[in-house]
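Single-structure report; data block below.
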Number of protein chains: 2
Amino acid sequence: MVSTFAPQGAGDLNFLKKLNRSSILATVRRYPGATRADIAARTQLTKATVGGVVQALLERGWLREGELQPRGGGRPGRALYLDDTHHVLLGADIGVRGLRIVACTLGGEVLMQRCVTEAPTTPEETAVRLAAMLRAMRDDPIIAERHCLGLGVTVPGPVSPEQPILRLAPNLGWVDVAFLEVLRPYLPEFDGIWLLDNEANAAAFGEFYFHDGIPPESIVYISAASGIGSGLVTGDNYPLVPRGMQGLVGEIGHTIVQPGGLYCHCGNRGCAETLVSGWAIRAALGIDDAENLVTAITARGDDAEVDATLRRAGEALGTLMLNLHHTLNPAMMVLGGSLMRLGLPLVTPALAYFEAHQNDLLRGTQRVPIKVIHDSTFTAARGAAAEVMAKAALEA
Amino acid sequence: MVSTFAPQGAGDLNFLKKLNRSSILATVRRYPGATRADIAARTQLTKATVGGVVQALLERGWLREGELQPRGGGRPGRALYLDDTHHVLLGADIGVRGLRIVACTLGGEVLMQRCVTEAPTTPEETAVRLAAMLRAMRDDPIIAERHCLGLGVTVPGPVSPEQPILRLAPNLGWVDVAFLEVLRPYLPEFDGIWLLDNEANAAAFGEFYFHDGIPPESIVYISAASGIGSGLVTGDNYPLVPRGMQGLVGEIGHTIVQPGGLYCHCGNRGCAETLVSGWAIRAALGIDDAENLVTAITARGDDAEVDATLRRAGEALGTLMLNLHHTLNPAMMVLGGSLMRLGLPLVTPALAYFEAHQNDLLRGTQRVPIKVIHDSTFTAARGAAAEVMAKAALEA
DNA sequence: TTCACTTAGTTAAATCTGTTAACTAAGCGC
DNA sequence: GCGCTTAGTTAACAGATTTAACTAAGTGAA
């Protein structure tokens with residue numbers, strides 16, 4: 001059920017080395033400016049081990065040394081940071097309404113981003129277009145001078161946990177597409193890591209991995225767009241991403257929140273998607289599929305029907321958040337997806353509902369922080385880049 | 001968010017040794033009768049390493065050798081099994097309606113079980129009673145001759161992920177109880193591992209860990225009793241048990257499946273517990289809290305009101321299963337808890353609802369197998385014993 | 001200024017781990 | 001009896017972290 005970047009089970013000395021290298025790298029990522037001594041204290045490794053590994057990572061361009069960190073009454077330590085100058089991570093997001101690509105540094109800083117808003121057609125045509133975008137980006141001088149660690153691609157549907165195959169993307173009409181194999185012939189010179197993941201999983205991973213400050217111990221990301229999905233990430237140095245037996249983890253759009261409610265395209269009644277998805281809102285307001293949802297809604301101005309629809313959708317989203325909270329109890333929740341561009345009329349009722357109902361089980365404990373990403377255009381692509389880095393860190 | 005029996009992060013050579021030992025032990029547990037060569041093939045360790053570790057485990061009484069396993073045209077290998085004769089694992093379950101204790105072998109075979117059906121009162125009184133039961137069991141000749149690896153205790157409420165503290169057990173009226181500390185003075189001679197866990201988590205763990213045959217890669221256990229909760233286990237050799245930031249993972253009784261429905265004691269409306277818990281069924285049928293629910297219901301015989309209530313409850317349970325399936329996508333679901341003793345009138349509608357709705361996302365994939373435990377009196381206690389073993393296997 | 005003290009980081013020897021490669025063991029089939 | 005195959009053990013080896021001693025670089029007080 002769990003797919004992870006850290007191997008499970010047995011291992012040899014080489015595995016131990018990788019584990020420790022990755023752990024040290026993770027410590028620097030989470031605590032920028034940490035010294036070798038800080039790392040040793042945190043990882044429980046000895047100074048000697050840390051020193052050796054850090055030396056190797058400095059030479060390979062993964063880490064750089066910074067200023068001296070004064071220590072009370074002793075020799076100051078040398079601050080360490082991820083080296084943002086030598087490598088580049090590529091991420092691509094195949095969305096229902098367009099393609100987005102991103103290039104970023106080891107620290108998650110976006111160096112360049114590009115998007116087209118034409119909806120993908122067939123896998124082949126999409127691969128051709130995506131390859132052109134990626135090659136153009138990579139050939140840009142800013143990117144070309146760096147070593148590319150790999151490419152991560154996200155898709156709007158469940159991916160098989162065993163193989164990089166998109167199982168089903170109802171909104172694209174794709175079934176069982178091994179997209180990396182379709183794409184690879186068009187980008188033969190792209191070596192390094194290639195990976196495929198679900199859009200919400202990757203977004204969740206990125207929010208966790210590139211979190212500013214000390215990251216929470218777990219994150220649930222809710223992606224509200226044409227459909228609705230969620231991603232879960234947890235773990236310390238080696239983020240764990242549960243995907244499920246069939247890759248269906250996070251298909252929360254089809255959890256039932258209103259028994260006997262509207263019929264969903266999945267065949268059931270009262271699925272969350274009948275209340276809080278792009279197509280549900282379109283259906284409720286009679287907005288054509290060709291129109292841009294956000295512009296169509298803002299064009300209506302102050303409209304009681306719009307307000308009521310978005311409030312209902314927001315409350316359903318709040319219910320979903322509440323149910324995820326009671327099922328997964330994450331340390332942080334992140335709201336993203338194109339629907340977030342509808343802004344406060346949708347978000348306020350969701351947060352209000354969640355706030356009003358969340359904390360009745362354990363009184364007096366801290367509330368779950370919620371982050372709203374109002375423009376998550378590149379969130380999934382950046383998350384895919386984060387996944388590339390996590391994998392590369394183990395292989396480095 | 002995740003609590004695991006396998007350490008995360010960095011490690012030294014000793015850690016690697018433990019990891020491999022535990023991995024080898026897990027292989028024998030999952031594939032009884034495996035030979036050293038089988039283990040080597042499966043763990044990717046060399047024959048030499050496996051040979052050495054197996055030798056040590058044989059000497060410590062964790063493994064025993066069995067018959068020769070004929071190999072096609074070569075020297076037969078020696079079958080290996082968990083040694084069920086030297087050790088004993090103790091598990092205790094503090095339930096709303098009584099105490100259950102169990103002693104079992106490394107293979108999960110129950111050597112002895114005891115229960116009392118008086119409801120627990122205060123933590124102190126409960127500790128006194130539980131200590132007496134455990135000491136009596138341990139002093140029995142069958143148990144006394146074995147080496148006790150430890151004691152696991154389960155409670156009907158969320159346990160803090162950091163410390164062994166029961167946060168809240170509404171049905172017991174307990175808040176923030178460090179039960180192991182309360183119990184320890186009454187059992188000073190019990191050394192080894194002590195651990196405290198939520199009842200559904202432990203039950204899930206046990207079903208996973210002691211699963212007959214090759215275990216599924218993940219299990220969701222649904223505990224339907226006075227309240228309703230769930231436990232999730234996943235992972236290969238080192239089962240991972242997510243507990244959540246506040247230990248609230250699996251509080252599915254308070255997921256909302258009927259917005260605007262009945263008021264729940266948690267303050268919200270339409271929680272699953274308002275439909276499928278012991279107290280909800282009592283309330284619907286006017287059965288007093290002092291009566292035994294199962295006998296009260298069977299006493300009514302063929303009663304349309306009972307049938308309708310149980311059918312409604314069953315369908316709510318099916319909804320819950322469906323929602324868990326779409327959120328966690330486990331490889332197997334297990335239904336347990338005292339409510340299962342109500343039998344087919346409750347279970348049939350639940351399974352029917354789930355079957356009818358489950359597989360609409362990915363057609364043509366295998367269905368999720370469901371196991372119903374009709375009498376789960378000792379399931380949680382046995383699960384706690386399993387957790388003791390998992391921990392001991394790493395420390396062995 | 002000097003000296004004691006503290007903390008950071010490096011180095012070389014020691015220890016422990018799994019691996020390699022050669023070996024023995026034990027069965028099958030011709 | 002021989003060749004072949006697979007299981008398992010052994011000793012030399014390579015590689016990883018640790019240990020312990022060392023150097024480096026600051027603070028603060030006499």
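Only heavy atoms go into these numbers, but all of them, side chains included; no hydrogens, no water, no symmetry mates. Protein chains get the first letters and strands the later ones, always in sequence-line order, with residue 1 at the start of each. Remember, it's a predicted structure, so these values are computed and weren't measured experimentally.
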Could you tell me which residues satisfy side chain to side chain contact (heavy atoms under 4.5 Å, CB included) with B:T85, sequence neighbours excluded, listed by chain and number? B:D83
Quiz item: cation-pi between A:R184 and A:F190, 6.0 Å / 45°: no
Under 3.5 Å, is there a donor-acceptor pair between the side chain of B:D84 and the main chain of B:T105? no
Identify, with sequence neighbours excluded, every residue that meets side-chain hydrogen bond (donor to acceptor under 3.5 Å, both in side chains) alongside B:S160. none
Under 3.5 Å, is there a donor-acceptor pair between the side chain of B:T154 and the main chain of B:A202? no
Reading nucleotides 1-7 of chain C from 5' to 3' and marking B where a protein heavy atom lies under 4.0 Å of the base, S where only the sugar-phosphate is that close, and - otherwise, the string is -----BB
side-chain hydrogen bond (donor to acceptor under 3.5 Å, both in side chains) filter on A:E395, not counting sequence neighbours, yields none
What pair of heavy atoms forms the shortest contact from A:K371 to A:M332, and how long is it? CB-CE, 3.5 Å
Do the side chain of A:R382 and the main chain of A:E207 share a donor and acceptor less than 3.5 angstrom apart? no
Within the sub-3.5 Å range, which N or O atoms of nucleotides 13-18 of chain C have a protein N or O partner, and how far apart are they?
unit_1	atom_1	unit_2	atom_2	d
C:dG18	OP1	B:N20	ND2	3.0

Whether the A:D38 and A:T35 side chains hold a donor-acceptor pair (N or O, under 3.5 Å, no angle test) is what I'd like checked. yes
Within 6.0 Å of CD1 in B:I142, more than 12 heavy atoms from elsewhere: no
Along DNA chain D, 5' to 3', what are the outermost nucleotides having an atom less than 4.0 Å from a heavy atom of chain A? D:dG15 to D:dT27
